[in-house]
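Single-structure report; data block below.
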4 protein chains.
Amino acid sequence: MTVDRSKLRKRFEDIRSLTELLCAPLAIEDHVVQPIEDVSPPKWHLAHTTWFFEKVILEKFEKNYTPYDPTYHFLFNSYYQSFGERWQRQERGVLSRPTVSEVLAFRAAINERMMRLLDTCSESDLAEVARLATIGLNHEQQHQELLVTDIKYIFANNPLMPVYRSEVDRDTRPPKKAEMKQISGGVMCVGYEGDAFAWDNEKPVHRVYIDDFLISDSLVTCGEYMEFMRDGGYTNFRHWLADGWDHVQTEGWRAPLYWTDRNGKWQMMTLLGLRDIDPNEPVAHISYFEADAFAHWAGKRLPSEAEWEVAARSLNTGLEHANLLDDKFFHPMPNKDSFLGNVWVWTSSSYSPYPGFIPEAGELAEYNGKFMSGQMILRGGSCATPRDHIRLTYRNFFQPEKRWQFSGIRLADNLHK
Amino acid sequence: MTVDRSKLRKRFEDIRSLTELLCAPLAIEDHVVQPIEDVSPPKWHLAHTTWFFEKVILEKFEKNYTPYDPTYHFLFNSYYQSFGERWQRQERGVLSRPTVSEVLAFRAAINERMMRLLDTCSESDLAEVARLATIGLNHEQQHQELLVTDIKYIFANNPLMPVYRSEVDRDTRPPKKAEMKQISGGVMCVGYEGDAFAWDNEKPVHRVYIDDFLISDSLVTCGEYMEFMRDGGYTNFRHWLADGWDHVQTEGWRAPLYWTDRNGKWQMMTLLGLRDIDPNEPVAHISYFEADAFAHWAGKRLPSEAEWEVAARSLNTGLEHANLLDDKFFHPMPNKDSFLGNVWVWTSSSYSPYPGFIPEAGELAEYNGKFMSGQMILRGGSCATPRDHIRLTYRNFFQPEKRWQFSGIRLADNLHK
Amino acid sequence: MTVDRSKLRKRFEDIRSLTELLCAPLAIEDHVVQPIEDVSPPKWHLAHTTWFFEKVILEKFEKNYTPYDPTYHFLFNSYYQSFGERWQRQERGVLSRPTVSEVLAFRAAINERMMRLLDTCSESDLAEVARLATIGLNHEQQHQELLVTDIKYIFANNPLMPVYRSEVDRDTRPPKKAEMKQISGGVMCVGYEGDAFAWDNEKPVHRVYIDDFLISDSLVTCGEYMEFMRDGGYTNFRHWLADGWDHVQTEGWRAPLYWTDRNGKWQMMTLLGLRDIDPNEPVAHISYFEADAFAHWAGKRLPSEAEWEVAARSLNTGLEHANLLDDKFFHPMPNKDSFLGNVWVWTSSSYSPYPGFIPEAGELAEYNGKFMSGQMILRGGSCATPRDHIRLTYRNFFQPEKRWQFSGIRLADNLHK
Amino acid sequence: MTVDRSKLRKRFEDIRSLTELLCAPLAIEDHVVQPIEDVSPPKWHLAHTTWFFEKVILEKFEKNYTPYDPTYHFLFNSYYQSFGERWQRQERGVLSRPTVSEVLAFRAAINERMMRLLDTCSESDLAEVARLATIGLNHEQQHQELLVTDIKYIFANNPLMPVYRSEVDRDTRPPKKAEMKQISGGVMCVGYEGDAFAWDNEKPVHRVYIDDFLISDSLVTCGEYMEFMRDGGYTNFRHWLADGWDHVQTEGWRAPLYWTDRNGKWQMMTLLGLRDIDPNEPVAHISYFEADAFAHWAGKRLPSEAEWEVAARSLNTGLEHANLLDDKFFHPMPNKDSFLGNVWVWTSSSYSPYPGFIPEAGELAEYNGKFMSGQMILRGGSCATPRDHIRLTYRNFFQPEKRWQFSGIRLADNLHK
């Protein structure tokens, strides 16, 4: 496949500059802190995504390469054993240096060197440079989503309750009633097949047998979730997996993350500030354990990732109706019930390799494969996912207790019980 | 189905007395300790299996039931929220009372009351009593296996290296060379179907699509595992899942559990005492992470549980050739390569409900379903599993880092790579 | 000083056999468990005190010495770096072997070898053997007290509430009213001076300046302590040291250890079983933090160790009125207000070396000196201290949060405020 | 005593502005982070010292007082239970807001309101306002020292090794040889007596008996400390308190904090950057445990706080020769052997109330008294202590394992051994 240098340059510029735009509303101080291990300081995201291009591409393809700052290789390697020693992840928030402006200078310098390389590298290098640059850009888009969710945590965790952007017009029409749609099973094909970019973990396309099943055409709303809460959802162990119940006890979970009980009334912290719960919007910031308990309470279940993918292929209403990062709502919205966007939905599938999985070559073999243990698959993207990043075959994954992502619920059920 | 009271009585007597026989070689002190949370004191096993019959059956069906000792209901409930408060699991080893002889008296009393109930309960109660008694007996058999593995840990953890029983004659013939056998895939049926006892988690029988695949007719041996060790298996992160590599670092894993390096020579602690490694016997006491790393190093992979079950149906050589608890070897043996016995094999499948899974009714709904998170499936039984307890559809499950069970490896591979 | 061999033998026999007598009421199982790190299994005490004689004396002085069991040197060394590696303290309760009877055989064998050595060692060795044997016997007496308090913890921690011995006649007369006695200060001598045995930490006698002060002739009673509790003692931070208040919060302290609120009525677990609080008996099982908070609430203070020693010299009514181990009450008693016995009293003095302190020679330098950090001094002995072990100069010491010893309060005050 | 309003205003302005000057070399990012619980973010120091004036003075004395921002009372209360709930100390580094400029605005506003109050408060309020303002200013000076040591930790902990200020001229003359000076003992007066400001914990003056003793006229140098290291100081348990030895093992101590072994050569991180060890300068950043171990190795001991105070009264060469904060070296210097300045010296005395101690009235009772447990006394001030803040009676105190303060050693000894 021939590479279009100017299209790739354009895409590089667009994605790289969006990352900085996402940080524009922040104070310098907001770039520095790490309230929990999961949440990285925004300036770390700015630097790490840049390190990726330097380490994975420039170091190999740039003529007379010299490192921008050798210490940055230590500071901004995330988890690649192949790339040597790293600063400990849980200590990212104790580093005041490099400063934000030093990190932005690092970005500018690497951007310039990358642009020059894209212009000038030999034709023989170009295919590989383009392949790696595409990975680097998709990597950066993943960090754009993390940036949004990490900023939300940093703000929501602060008693001063800073606001990321001002409130937007919301669709106040009542959402249409959720319906369980029947999907035909059989031996189905699952996974990515095609020539465009997809992660190694989406491949190869492979056969899966599934029974006919039911799946909701709507995400579970805050209003529905509050019924679960009112019905003692958080106090009745019968709905919960044992590990989930342990978390309820030890973490004191009584509601989704960011919900707060103000004198008997539930409110939620959003990137647009603290406000009342909108019962019509999809519930977000719940763990797999909560999603599973809700489904149990509702007499239904979560879909497997194969079921979700098969259903999405026939029911998805298209990216144009989805609430994604580009829409700049930074929050799940009512009446946006595409299978894509709004919130990632927890599936009942644990993260494991597809039959015939082949990890990315070289150091990037560490990108996905080594994390295939102890995590659950989420599907569909969220209001923090870039539109040109998401696909029906996209596999996201987190430990079942994580709540800081825009994660929610789409119910499924057996056809015959 | 009509219940044969005398056959059930006989089975009750046999299984209950075997539990006590397994403890016969122990000193009183050996019954008391709990070196790690996973390992329960033998007297706790003796009491808990008895509590099960009292709580689940006698309390409901015995005329004029009075508790043997109300405090025992608190002390010997393992994890049933439905049965109320419990003594904390990790504190089982701090209870010197009830003494071993008090626990044996408890067993004798409940045995007598159970036998009387089996004789005298009304025909209308009998079916339910028999159903629950059968669960109680299978439950007790699971604890027989745990007793053996817990005793092994208690002994191996003691610098005085006590011996459970004396060494037995071993088959010293070199094992036949392992062969990868081809198994045909397609839409296959997996799970238990029939009228005999099986756990809720083995049902319902359901369809799974699998590709044609290869699976070894032999378990991985200690000799093969030592090649992995000599080749730097424990020091090369490339073979490991990230969570597994973390365990290697923090736990200092360099070999299977119970292996010990004496002046450069590996030995192992067994229930028959400390001795040299026999390269011909199946490797045991490894975690899922180690099994997965070994398979990666070997250029192969672990089977899924569906693959294992399908393969076992055609390749299994029968219970009579298997090394099981009844054979009293208390250790994996060479040349016993049935798909059953010797060591449980880790599969690549995480523990989740089969499509259409219906938990056991009532309080026993907690028996299996709530643990379907964070664990991996093992198949096939071990040298510590009773012969009339194991089945090809049997699903065992442990967290991927656990090593104190007789757990090992059977390799699989794709037909076309 | 010449050594009387037969007197020393007699004392050796008496003390060694008392240790075993203290264990006589125990079941074998009671010897094995370690519910918290502070509490050692009784069989460990039996073995460790024996190891002390073998390691410190026999190994050096016995002709043709061979170790009883070399592994015991590893298992029963408590904290002596000089004596090499040790089994970890917090893991003492996971060792089922050696069994109790093996430990008693070890005791018998070492007793016999010690007796023979005391008979047969050369005159030139005798002084040193006698010196070390005397240390060994005082060491064993310390472990007799620990045995009693550890057994109490083991029993009180068990919901079956075992009883060590049956209840005794108690003095039910109301205690005389406590009086604050005035003691004259000045430059006073503190510490041990004389030829009999005393620990290195009691020496040398040295001068201390103290002001005139007041000290109570009575221990604080349970009734007085309940007034503190009723007055919100455990909920008002103003009475507490910051570290103490942290413990109140994190440990949930609401009363002394072993007190339990049964339907609004306080009861206490004793070695004689569970019973109502006797308001007339001295309060016990409180931490330094609680003693200090009580004194603050009462408008008084704790005595320094120098004040206590000076006061005890003039107010002590003699060992014959004290409630000590030999009296076999195993519990503090009313109307026993000698400065000795009943409960150790917390002083306001931290544990530090006396001016001119010289540690014991050789390996026994580790006996006391290295612990002079982070601990508070207690004085006076308790109902678990042997009568011929306690002295007015005796310094006991524990971390300020410890509560499982028989520890209580004697109030002091400034003369002029 | 009449209060001079203009002098007090002047002092207020001077001290408040010095705090900000100390932060002038920092990047905004440097104000935010908290690498360990002990180290507070510089912007927290800026805010907390301001909160103190608002909460302790303005809230009580300002007409029509309204809080600057009520949430600040929650965020910037350090440990005062009397002042209500607080943000958790270990979470100070996760708050990006208020920003540095918001904190500086807070400072400016409270400064203005304080200045107005000092001008306009009634004569009847003035004495109390002045008393509290003086406490507030001394409190701020304590935080100036903490600012310097916290900034040092923040910088030294960063692999980029930022520099606080550039290196200064150092005195390179070899220091004079240390001499042990004899001090006469007896009943001595210790503690503060006078009309100027002193903390409650320095009072009342009281009598202490001490023997004649020896004390060094010099601080222990880095060169001397390296001899201890070379002689196996960190590997020989015999020099160490048991708690100290535990720290050596678990923390891996091999040298003072901030020392780093670069290819076999020791260097140290300073506020002036990384450089070679100067053997002539006083050793700093050692724990009490290390100070005590060094003294043991040297065959000497640490002075008690009474000994230090008595010796300092006769040997101190005056504030003008001392290296203090005002000298802006930000590092211990050779040939500055006053008893004041350079490094605080660990004494052998634990932190406890002087006989007759009366805590500050009101909420400030919490300032010192509640911390009198588990800490050791340090004396003399350091290169980070303001000159008009230190006194011979000044008592500093830290837990014995702390190393991030400028803490060092002055040896003492008994006259007759």
Side-chain angles (χ1 to χ4, degrees), chain A residues 79-82 185-190 204 206-211 213 236-246 288-289 292-293 296 301-302 304 306-307 347-353 355-359 363 365-366 368-376 399-401 414-417, chain B residues 79-82 185-190 204 206-211 213 236-247 288-289 292 296 301-302 304 306-307 347-353 355-359 363 365-366 368-376 399-401 414-417:
Chain A
Y79 55 66
Y80 295 90
Q81 307 270 350
S82 309
V187 174
M188 315 299 287
C189 278
V190 165
H206 61 284
R207 273 170 280 191
V208 174
Y209 176 85
I210 52 178
D211 284 321
F213 66 102
N236 186 347
F237 66 84
R238 284 175 187 81
H239 302 313
W240 296 81
L241 287 163
D243 287 349
W245 186 244
D246 283 351
Y288 168 78
F289 294 127
D292 182 75
H296 184 274
R301 61 175 176 80
L302 301 179
S304 71
E307 289 173 334
T347 73
S348 62
S349 302
S350 62
Y351 185 33
S352 57
F357 167 66
I358 299 168
E363 294 92 348
E366 294 189 58
N368 280 309
K370 75 179 181 182
F371 299 113
M372 291 176 174
S373 144
Q375 313 210 45
M376 301 305 290
Q399 284 84 12
E401 72 278 9
N414 298 335
L415 193 53
H416 310 290
K417 299 217 237 193
Chain B
Y79 54 65
Y80 295 89
Q81 306 270 350
S82 310
V187 175
M188 314 300 285
C189 278
V190 165
H206 62 284
R207 273 171 281 190
V208 174
Y209 176 84
I210 51 179
D211 284 322
F213 66 101
N236 186 347
F237 67 85
R238 283 173 188 81
H239 302 313
W240 295 82
L241 288 163
D243 287 348
W245 187 245
D246 283 351
H247 275 85
Y288 168 77
F289 295 127
D292 182 75
H296 184 275
R301 61 174 176 81
L302 302 180
S304 71
E307 288 173 334
T347 73
S348 63
S349 303
S350 62
Y351 184 33
S352 59
F357 168 64
I358 299 167
E363 294 92 348
E366 294 188 58
N368 279 308
K370 74 178 182 183
F371 298 113
M372 291 175 174
S373 145
Q375 312 209 45
M376 301 305 287
Q399 284 84 11
E401 73 277 11
N414 299 335
L415 193 51
H416 310 289
K417 298 216 238 193

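Sequence lines set the chain letters: A, B, ... in the order given, protein chains first and strands last, and positions in each chain run from 1. It should be emphasised that the depicted structure is a prediction, and the values quoted were computed from it without experimental measurement.
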> Between B:E366 and chain A, which part of the residue has a heavy atom less than 4.5 Å away: side chain, backbone, both or neither?
Replying inline: side chain

>> Rounded at 0.5 Å granularity, tell me how far CG in A:N236 sits from CD in B:Q81.
In response: 10.0 Å

> Can you name the nearest heavy-atom pair linking B:L241 to A:S373, along with the distance?
Replying inline: CD1-CB, 3.9 Å

>> Quick check for you: among A:F213, A:Y79, A:W245, which has the greatest number of heavy-atom pairs under 4.5 Å with chain B?
In response: A:W245

> Below 4.5 Å, heavy atoms only, C-beta onward: do B:S350 and A:Y351 meet side chain to side chain?
Replying inline: no

> Which answer fits A:V208, side chain, backbone, both or neither, if we ask what part of it has an atom under 4.5 Å from a heavy atom of chain B?
Replying inline: backbone

> Can A:Y209 and B:M188 be said to form a side chain to side chain contact (heavy atoms under 4.5 Å, CB included), step by step?
Replying inline: CA-CA 9 Å; A:Y209 176 85; B:M188 314 300 285; over 6 Å; no

> Where do B:S82 and A:R238 land on the side chain to side chain contact (heavy atoms under 4.5 Å, CB included) test, with the steps shown first?
Replying inline: CA-CA 9 Å; B:S82 310; A:R238 284 175 187 81; 4.1 Å; yes

> Just how far is it from atom CD of B:Q399 to atom CG of A:D243, taken to the nearest 0.5 Å?
Replying inline: 7.0 Å

>> Nearest 0.5 angstrom please: B:I210 CD1 to A:H206 NE2, how far?
In response: 13.0 Å

